[in-house]
Amino acid sequence: MTDQIPVILTSSTQDQASGQSSPAGSSTEDLEDSALNFRPHHLRPQDLRHVNSFSSVSSYENSEVDEDEVERDNGASDPSSPSTLHQANVKTFAPSASSPLAKLHHSRPQEQRPGGGTLLRPAGKAHDWYAGGRVTSHGRWFRDSQNRTLLMRGVNLCGNSKLPTTPNGSTHLNEGFFDHRNVCFLGRPFPRDQADEHFSRLKRWGLTFVRLLVPWEALEHSGPGIYDEKFISSLIELIGLMPKYGIKCFIDPHQDCWSRFSGGSGAPGWTFEAAGLDLTKFKPTGAAYVHNTNQQAGDSPPMVWPTNYTKLAASTMFTLFWAGDTFAPQKMYQGEPIQQFLQNRYLECYRHLAKRLSHLDAVVGFEVMNEPHPGYIGLKNLKRYDFNSNLFFGDSPSALESFALGDGMALPIEVWVKSWPFPTKKERTRIINTGNESAWLEGECLWKQHGVWSVNEKTGKPRLDRPDYFTTDPNTGERLDFNRFYLDFVNRYSQAIQSVLPSAFIFVGPIPNEPAPVWTPGDHEENIVYAPHWYDLHSIFNKSFDGRITHDVQSLSKGQNVFSATYFGLKGAKKNYHGQLANVLRLGLQNVGTKPCLVGECGIPMDINQRAAFMSGDYGYHAKFLDAVLSAMESNLLSFTLWNYNTTNDNTYGDHWNGEDFSIFSLDSPQPSPRIGDNGFPVGGMKPSLRQDAPNFAKEVMRRAAAQHTGGESTIRDDSASDGTRGDNDDEEVVTIMNDDSPFDRSYFCFDHESTHDDGPDHIEHIGGRALDAVVRPYAAKVAGEPLTSNFDFNTLQYTFRYCNYTETPVPLVHVSTPEQSSRSLGGSTDSLGSSVGESGKDDESLATTQLEQSSNLFGHPPEGTLLAFETEVFIPSYHYDDAGLEILVSDGDWRYVKERQTLYYRHKDMEPGAVHTIRIKPRSMLAGGVSSKAIEGSHSSGPMPGNKEVESDPNCGSCSIM
């Protein structure tokens with residue numbers, strides 16, 4: 001081996017500088033992509049010259065960085081500040097004195113480095129939401145302070161946050177269940193000593209936008225106005241760590257079916273007492289199906305929690321919360337009407353939380369309420385629910401029957417079971433409430449008190465007296481709609497949160513498969529985000545997926561023929577899911593208005609197909625299922641947060657809540673080893689799960705991580721091992737030296753935890769992951785324009801992204817400096833950059849200056865005194881691309897791939913309004929002559945051969961492959 005890296009050269013440096021491509025030497029794949037106008041180039045770093053272009057400042061000359069020149073920036077210590085974060089976790093590098101880049105380094109103002117890390121514009125990774133400044137919005141898109149479109153993705157954190165830690169709230173347990181005031185949620189979503197492990201894993205997977213579950217019960221379980229300040233302080237500590245990992249979050253006041261005590265999660269137990277309900281009587285009266293208490297022989301199976309929405313307890317509570325003043329005006333509690341009492345406690349609770357979190361930069365907003373249900377509001381038929389829009393399963397009483405059961409009557413109730421072609425069918429009836437118990441503390445039904453129903457004196461059966469009670473105003477007869485009540489509360493909630501967090505986003509969304517409420521003049525508009533949920537409800541209900549048949553549940557709920565709503569094969573599944581999500585997006589933006597859209601929940605059950613994967617370790621069907629879901633998200637250009645990442649998930653009880661098992665992480669998930677031995681055959685087979693390998697899995701993972709990152713020349717000190725579980729060599733800090741041949745001058749900065757070595761899918765932080773082949777995927781996170789298409793091919797690992805320049809000049813948000821300084825940053829100084837002659841005959845300095853002058857009024861150039869970013873950042877997960885060569889093709893401009901950051905930085909050149917730019921990334925494990933490609937262009941190799949020189953970046957435009 002020589003010190004030079006073998007490179008295929010297919011075009012000239014002059015072509016590179018002028019932006020023209022040559023067909024000579026192009027691969028067959030390149031020619032196939034000619035319709036997309038990719039520019040294939042394969043250049044040696046030493047052959048590259050400086051390129052001063054109108055759209056970027058690039059330096060391509062190799063230069064050495066001596067370790068003595070490394071300086072550590074000692075910033076402030078507040079971990080919640082993004083600027084402090086990058087000061088504290090960035091190593092600063094100065095280029096060597098012999099490098100032409102040194103002049104640029106000293107002459108250019110610090111805030112002028114394109115993409116460089118400064119207090120104004122910190123260096124970042126694609127999936128680091130701090131690097132672009134504050135998250136804002138424009139139209140249907142999230143934006144950063146550099147006016148780039150953000151396509152954000154992450155997880156719900158997490159399912160176990162619905163449950164108290166003391167007593168253990170897992171729904172298969174019932175000890176201390178009814179002692180609802182004496183509970184504790186400390187340690188949710190995970191203890192502090194596990195935070196580094198889980199946040200590091202999410203960062204590696206590129207899932208750094210978090211929907212953080214904080215149920216009402218966790219905050220105010222002890223009684224009205226009594227907040228659990230210790231729990232809030234623990235949240236502050238966890239959220240304060242997020243900037244270190246590039247993570248931002250929004251708070252989700254999560255609920256399902258109102259409360260744990262009515263079969264779901266969310267509200268404190270004392271809210272039932274305020275409404276006059278006795279939560280200890282829900283089981284015998286059929287007022288709720290509660291997993292903790294329904295464990296007797298003959299009970300319906302546990303996974304029927306959504307049916308609680310139509311049962312007495314949850315429906316009554318939602319009706320009183322949204323519209324108690326209208327439908328239950330006689331009900332008072334502690335001197336307040338029940339609606340005002342419940343809403344005021346809720347608003348004050350989350351306003352208090354917002355005030356305590358207001359100093360944390362990681363928090364971008366608050367959701368109003370998870371999947372808000374109307375209760376009885378708008379229910380047209382109190383004698384029978386609509387089969388198409390409600391789940392009939394297990395005990396299925398009508399609203400009237402629920403009233404009577406709760407009032408102490410014994411009634412025969414229909415029992416429904418799974419079937420085909422319809423999801424369920426009536427199997428039998430059974431008598432409920434044989435003991436004639438009442439669900440009401442005062443013994444009489446609230447709805448009987450308000451004249452909705454009565455008992456027929458002759459037959460002794462319940463009689464409906466006011467069938468339209470919940471569809472019209474009981475006093476005026478005016479038709480009523482749930483959305484009006486909901487939007488009135490959204491207005492109040494938004495004002496409460498934004499009174500202490502003025503810039504907070506407010507996330508709103510309906511229950512799955514329901515249309516969004518229609519915004520009207522006067523409804524709150526400031527920073528509203530449409531956040532619907534979407535699942536393949538048919539596959540979730542049946543817990544099965546084989547890729548053969550899927551159904552359009554949206555269409556079925558509207559009465560469409562089952563055969564016309566059936567799709568075949570994986571392509572059919574993607575088409576099905578894409579269409580459903582397109583409808584969700586279209587109708588949502590039509591009703592809510594042109595606002596940012598993020599799918600707050602999506603995902604798949606991991607216990608599909610009779611849990612076969614738990615025994616075999618083969619999550620192939622799961623990966624195909626989840627790929628179809630996420631492909632539909634991507635093809636609709638949706639941001640999303642997966643449901644869910646649960647740190648206590650296991651194969652026995654899943655997410656420990658009502659039999660669900662959706663977590664992409666599990667303590668019991670074994671990992672196949674992809675290592676190949678010298679004989680060409682796989683080594684190992686199955687690695688043990690976290691629980692099998694170490695009972696104290698959190699500390700064990702940190703110990704392994706510390707051991708993995710010691711003793712290598714390309715290792716950074718791992719601050720995550722802060723709990724004392726450090727390796728033997730942790731006292732010796734070894735740093736990665738980065739070359740300063742970056743096209744975007746990013747080589748001055750190196751993050752902590754950046755290592756030149758990565759085990760790809762075998763990395764320690766992938767342990768516990770499930771269906772990661774689909775979960776971990778490339779995506780354009782920060783786009784210098786408006787996204788057009790995004791497609792990841794699950795089988796070939798090819799990712800293609802297209803976007804266009806804005807057709808309207810965005811409002812500049814970042815003040816940089818004077819026009820003269822802006823000119824220098826665009827290439828106006830030959831002293832610092834040198835010069836080269838392009839095909840036009842003009843040197844680069846005059847070319848850049850001429851382009852700048854000629855284009856000063858074109859789209860893309862902000863007013864004087866401001867500078868917008870033209871860099872698009874793409875997340876490139878080493879999970880997929882560590883062991884294969886990587887070919888990167890772009891339609892125009894410059895790019896740089898930094899493997900340690902799992903980030904491709906792309907700067908387009910064509911600045912015309914509406915100009916389209918394309919990025920294509922594809923693995924290239926074999927090059928010309930059948931030579932295996934281990935090093936990836938623009939990155940450190942995953943394991944350098946002795947005598948080989950590692951290349952940290954090659955600023956090649958077009959595509960290349962290094963071996």
Side-chain angles (χ1 to χ4, degrees), residues 80 154-166 168-171 183-205 207-219 221 228 230-256 260 264-266 350 353 356-357 360 362-364 366-367 370 600-601 603 606 641-650 653-658 660-667 669 690 697-699 701-702 720 723 765 768-770 775:
S80 66
V155 296
N156 282 260
L157 196 65
C158 62
N160 68 19
S161 295
K162 302 177 181 183
L163 308 169
T165 52
T166 307
N168 188 339
S170 296
T171 58
V183 297
C184 178
F185 284 74
L186 281 173
R188 299 300 191 205
F190 42 72
R192 167 62 184 86
D193 62 358
Q194 297 177 17
D196 290 317
E197 172 207 341
H198 295 299
F199 286 155
S200 293
R201 184 177 288 116
L202 291 175
K203 181 183 74 171
R204 179 166 293 277
W205 292 352
L207 302 174
T208 49
F209 193 59
V210 165
R211 184 176 184 240
L212 186 64
L213 277 68
V214 186
W216 187 6
E217 184 188 9
L219 300 171
H221 49 80
D228 191 334
K230 289 185 178 179
F231 173 71
I232 296 175
S233 295
S234 72
L235 282 181
I236 291 173
E237 187 176 12
L238 283 180
I239 296 172
L241 296 173
M242 288 183 178
K244 178 180 178 182
Y245 302 93
I247 295 173
K248 284 186 179 285
C249 72
F250 66 99
I251 304 302
D252 165 29
H254 201 87
Q255 72 79 31
D256 305 279
R260 285 194 301 130
S265 65
Y350 283 100
L353 178 63
R356 289 212 56 192
L357 303 183
L360 298 170
V363 180
V364 301
F366 277 66
E367 190 166 349
N370 176 68
E601 287 185 21
M606 294 294 175
T641 49
L642 281 167
W643 184 269
N644 76 103
Y645 181 98
N646 192 329
T647 62
T648 58
N649 178 283
D650 58 48
Y653 297 109
D655 291 331
H656 286 249
W657 184 82
N658 286 348
E660 281 198 350
D661 191 348
F662 280 74
S663 179
I664 60 174
F665 170 85
S666 178
L667 301 178
S669 178
L690 290 173
F697 73 95
K699 292 186 181 297
V701 168
M702 301 311 298
S720 65
D723 58 353
E765 289 177 349
R770 303 199 284 188
V775 170

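All residue numbers refer to positions in the sequence shown, counting from 1. Given the structure is predicted, the values throughout are model-derived calculations rather than measurements.
- Take S234 and apply the side chain to side chain donor-acceptor pair (under 3.5 Å) test, not counting sequence neighbours, and it matches no residue.
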Applying side-chain contact (heavy atoms from CB on, under 4.5 Å) to V155 and W205, what does each step give before you reach the verdict?
CA-CA 11 Å; V155 296; W205 292 352; over 6 Å; no
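- Proximity of a side-chain donor or acceptor of W657 to a complementary backbone N or O of G264 within less than 3.5 Å is detected.
- The minimum heavy-atom distance between I232 and L219, with the atom names listed, is CG1-CD2, 3.7 Å.
- For the pair L212 and F366, the minimum side-chain heavy-atom distance is 4.5 Å or more.
- A donor and an acceptor atom, one from each side chain of Y653 and D661, are nowhere located under 3.5 Å apart.
- When side chains are defined from C-beta on, H221 counts as touching D228, because their heavy atoms get closer than 4.5 Å.
- Here I664 contributes atom CD1 and N644 contributes atom CG; the two are 8.0 Å apart, rounded to the nearest 0.5 Å.
- For the residue pair R260 / N658, no side-chain donor-acceptor distance below 3.5 Å is found, with atom types taken as modelled.
- When every heavy atom of D655 is checked against every heavy atom of S663, the shortest pair comes out as OD1-CB, 3.3 Å.
- The closest donor-acceptor contact from the side chain of Y350 to the backbone of W216 lies under 3.5 Å.
- Considering only heavy atoms from C-beta on, D252 stays 4.5 Å or farther from V214 through its side chain.
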R192 vs L241, side-chain contact (heavy atoms from CB on, under 4.5 Å): CA-CA, chis, key distance, verdict:
CA-CA 10 Å; R192 167 62 184 86; L241 296 173; 3.4 Å; yes
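- Under a 3.5 Å cut-off, the side chain of Q255 and the backbone N or O of N370 do form a donor-acceptor pair.
- Atom CD of E765 sits about 7.0 Å away from atom CZ of R201, to the nearest 0.5 Å.
- In this structure, F250 and E367 approach most closely via the heavy-atom pair CE1-OE1, 3.6 Å.
- Judged purely by atom type and a 3.5 angstrom limit, N156 has no side-chain atom pairing as donor or acceptor with the backbone of V210.
- The aromatic ring centres of F190 and F199 sit less than 6.0 Å apart.
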Please lay out, stage by stage, how V183 and T166 fare under the test side-chain contact (heavy atoms from CB on, under 4.5 Å).
CA-CA 6 Å; V183 297; T166 307; over 6 Å; no
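- Residues satisfying the side chain to side chain contact (heavy atoms under 4.5 Å, CB included) criterion with T648, sequence neighbours excluded, are N160, R188, N646.
- Residues M242 and K248 are not in side-chain contact: their nearest non-hydrogen atoms beyond the backbone lie 4.5 Å or more apart.
- Between P215 and S161, the closest heavy-atom pair is CG-O, 3.3 Å.
- The residues E601 and R211 are annotated as salt-bridged, a charged nitrogen and a carboxylate oxygen being separated by less than 4.0 angstrom.
- Between the side chain of T641 and the backbone N or O of G600 there is at least one donor-acceptor pair closer than 3.5 Å.
- Side chains of D650 and H656: a donor-acceptor N/O pair is present below 3.5 angstrom, by distance only.
- Between L238 and A195, the shortest heavy-atom distance links the atoms CD2-CB, 3.6 Å.
- The distance from the CE atom of M606 to the CZ atom of F665 is 12.5 Å, given to the nearest 0.5 Å.
- Between E660 and W643 there is a side-chain heavy-atom pair separated by less than 4.5 Å.
- Closest of all the heavy-atom pairs between Y245 and S200 is CE2-OG, 3.2 Å.
- Counting only distance, with no hydrogens or angles, the side chain of T647 and the backbone of P189 share a donor-acceptor pair below 3.5 Å.
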Under the side-chain contact (heavy atoms from CB on, under 4.5 Å) rule, what do I239 and V363 come out as? Steps first, then yes or no, please.
CA-CA 8 Å; I239 296 172; V363 180; 3.8 Å; yes
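- Considering only heavy atoms from C-beta on, R356 comes within 4.5 Å of S233 through its side chain.
- In this structure, a donor-acceptor pair under 3.5 Å is present between the side chains of N649 and R770.
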